[in-house]
Amino acid sequence: MQLLPAIDLRGGQVVRLVRGDDRRRTVYDADPGNALRRYREAGVARIHVVDLDAAFGAQPQRGVVQALARQAQDLPNGRGSIQLGGGLRDREAVEWAFAAGCERAVVTSLIVRDFDVFADLCRQYPGRMVAALDIDGGEVRLAGWTESADRSPAALCAQLADLPVAAVLVTDISRDGMMQGPNIDLACRIGDLAGTPAILSGGVRSAADLEAAARRPEIEAAIVGRALYDGSLSLDDAIAACGSAS
């Protein structure tokens with residue numbers, strides 16, 4: 001299983017939110033490049049970057065994202081290591097992400113609002129589009145978790161099953177930033193329904209959480225944010241835990 005450290009960007013800084021609430025924001029680093037360098041130098045192959053400004057409908061942080069993608073490529077083994085999410089709601093935004101040097105694009109709203117465009121992008125960029133399902137109490141949320149998709153997870157997964165998506169990213173919103181442990185069963189269930197590997201997101205707090213996820217073949221990767229930044233989980237222990245089932 002792969003470790004995906006999270007770099008959540010707000011106003012050019014590395015932050016973490018609690019359950020997506022911008023009022024409950026903690027700034028961890030004023031320079032996102034510091035976090036990227038630390039992860040890449042530790043041997044992390046892919047990093048999950050989220051543009052929260054774009055996710056909340058503000059001006060996208062394209063200059064920051066482009067600088068991170070360029071930096072990732074300049075570091076050892078850095079080619080194509082950024083997985084970008086947040087505000088990628090149309091074709092232009094997705095194509096910009098790839099042109100900027102990001103390896104993968106993570107989308108949610110586009111799946112619901114313009115599935116034909118999403119499907120076309122999946123075929124145009126096979127294995128590079130990640131379908132993100134952000135779920136709160138069985139409901140899929142959009143636009144930085146501020147809106148309901150009015151579609152069930154099962155219905156959306158049925159649409160994904162025949163597309164060459166890289167993975168389905170499953171976030172249990174109720175656990176995001178809460179340090180209460182991840183919802184591994186939910187990620188596995190969604191991955192099975194979509195017929196694609198799952199990326200676990202939300203609530204990872206310890207090496208034991210990652211070891212439990214690594215034992216589930218449905219899960220290809222786990223996103224870790226707050227636990228790495230507040231020191232409750234060391235980067236070395238996280239990397240070791242992700243490889244514990246291999």
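Just the heavy atoms: all of them, side chains too, but no hydrogens, waters or symmetry mates, feed the values below.
For the pair A35 and I7, the tightest heavy-atom approach, listed with the atom from each and the gap, is CB-CD1, 4.0 Å. When every heavy atom of M1 is checked against every heavy atom of A222, the shortest pair comes out as CE-CB, 3.9 Å. For the pair L110 and L88, the tightest heavy-atom approach, listed with the atom from each and the gap, is CB-O, 4.4 Å. G127 and A166 make their closest contact through O-CB, 3.3 Å (heavy atoms, listed as atom of the first residue, atom of the second, distance). The two residues L233 and A238 have their closest heavy-atom pair at CD2-CB, 3.9 Å. A42 and I239 make their closest contact through O-CD1, 3.8 Å (heavy atoms, listed as atom of the first residue, atom of the second, distance).
Contact check for L52 versus V15: side-chain heavy atoms found under the 4.5 Å cut-off. Using a 4.5 Å cut-off on side-chain heavy atoms (C-beta onward), R38 and L235 make contact. Inter-residue side-chain proximity for V130 and I199 is flagged as met; some heavy-atom pair is nearer than 4.5 Å. Here the side chains of V224 and L3 are in contact, with some heavy-atom distance below 4.5 Å. Two residues are said to be in side-chain contact when any heavy atoms from C-beta on lie closer than 4.5 Å; N183 and D185 meet this criterion. R104 has its side chain out of reach of Y125: every pair of non-hydrogen atoms, C-beta onward, lies at least 4.5 Å apart. The shortest distance between side-chain heavy atoms of V170 and V168 falls below 4.5 Å. Using a 4.5 Å heavy-atom cutoff, the side chains of E103 and L84 are not in contact.
Atom CG in L142 sits 10.0 Å away from atom CG in L133 (nearest 0.5 Å). In this structure, CD on E211 lies 9.0 Å from CG on D237, to the nearest 0.5 angstrom. How far CG of D134 is from OG of S109: 9.0 Å, rounded to the nearest 0.5 Å. From R37, atom CZ reaches atom CG of D31 across 7.0 Å, with rounding to the nearest 0.5 Å. Atom CG of L36 is separated from atom CD1 of I82 by 5.0 Å, given to the nearest 0.5 angstrom.
The pair D120-R91 meets the salt-bridge criterion, with a side-chain N (NZ, NE, NH1 or NH2) lying under 4.0 Å from an Asp/Glu carboxylate O.
In this structure, Y229 and Y39 have perpendicular ring planes: the angle between them is above 60°, well past the 30° mark.
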| message | As a quick check of understanding, evaluate side chain to side chain contact (heavy atoms under 4.5 Å, CB included) for V140 and S152, giving each step before the final call. | response | CA-CA 7 Å; V140 178; S152 72; over 6 Å; no
| request: Kindly indicate, with the supporting measurements, whether the criterion side chain to side chain donor-acceptor pair (under 3.5 Å) is fulfilled by Q159 and R151. | output: CA-CA 11 Å; Q159 289 184 286; R151 299 282 304 283; 2.9 Å; yes
Would you mind writing out the side-chain donor-acceptor pairs for residues 59-67 within the sub-3.5 Å range, not counting sequence neighbours?
{"unit_1": "Q61", "atom_1": "OE1", "unit_2": "G11", "atom_2": "N", "d": "3.4"}
{"unit_1": "Q61", "atom_1": "OE1", "unit_2": "G12", "atom_2": "N", "d": "2.5"}
{"unit_1": "Q61", "atom_1": "NE2", "unit_2": "L9", "atom_2": "O", "d": "3.0"}
{"unit_1": "Q61", "atom_1": "NE2", "unit_2": "D51", "atom_2": "OD1", "d": "3.0"}
{"unit_1": "Q61", "atom_1": "NE2", "unit_2": "D53", "atom_2": "OD1", "d": "3.3"}
{"unit_1": "R62", "atom_1": "NH1", "unit_2": "E92", "atom_2": "OE2", "d": "3.1"}
{"unit_1": "R62", "atom_1": "NH2", "unit_2": "E92", "atom_2": "OE1", "d": "3.0"}
{"unit_1": "R62", "atom_1": "NH2", "unit_2": "E92", "atom_2": "OE2", "d": "3.4"}

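No cation-pi contact links R16 to Y28, judged by a cut-off of 6.0 Å to the six-membered ring centre and 45° from its axis.
Side chain of R128 to backbone of C102: a donor-acceptor contact under 3.5 angstrom is found.
For the residue pair D236/S234, the side-chain donor-acceptor check at 3.5 Å is not satisfied.
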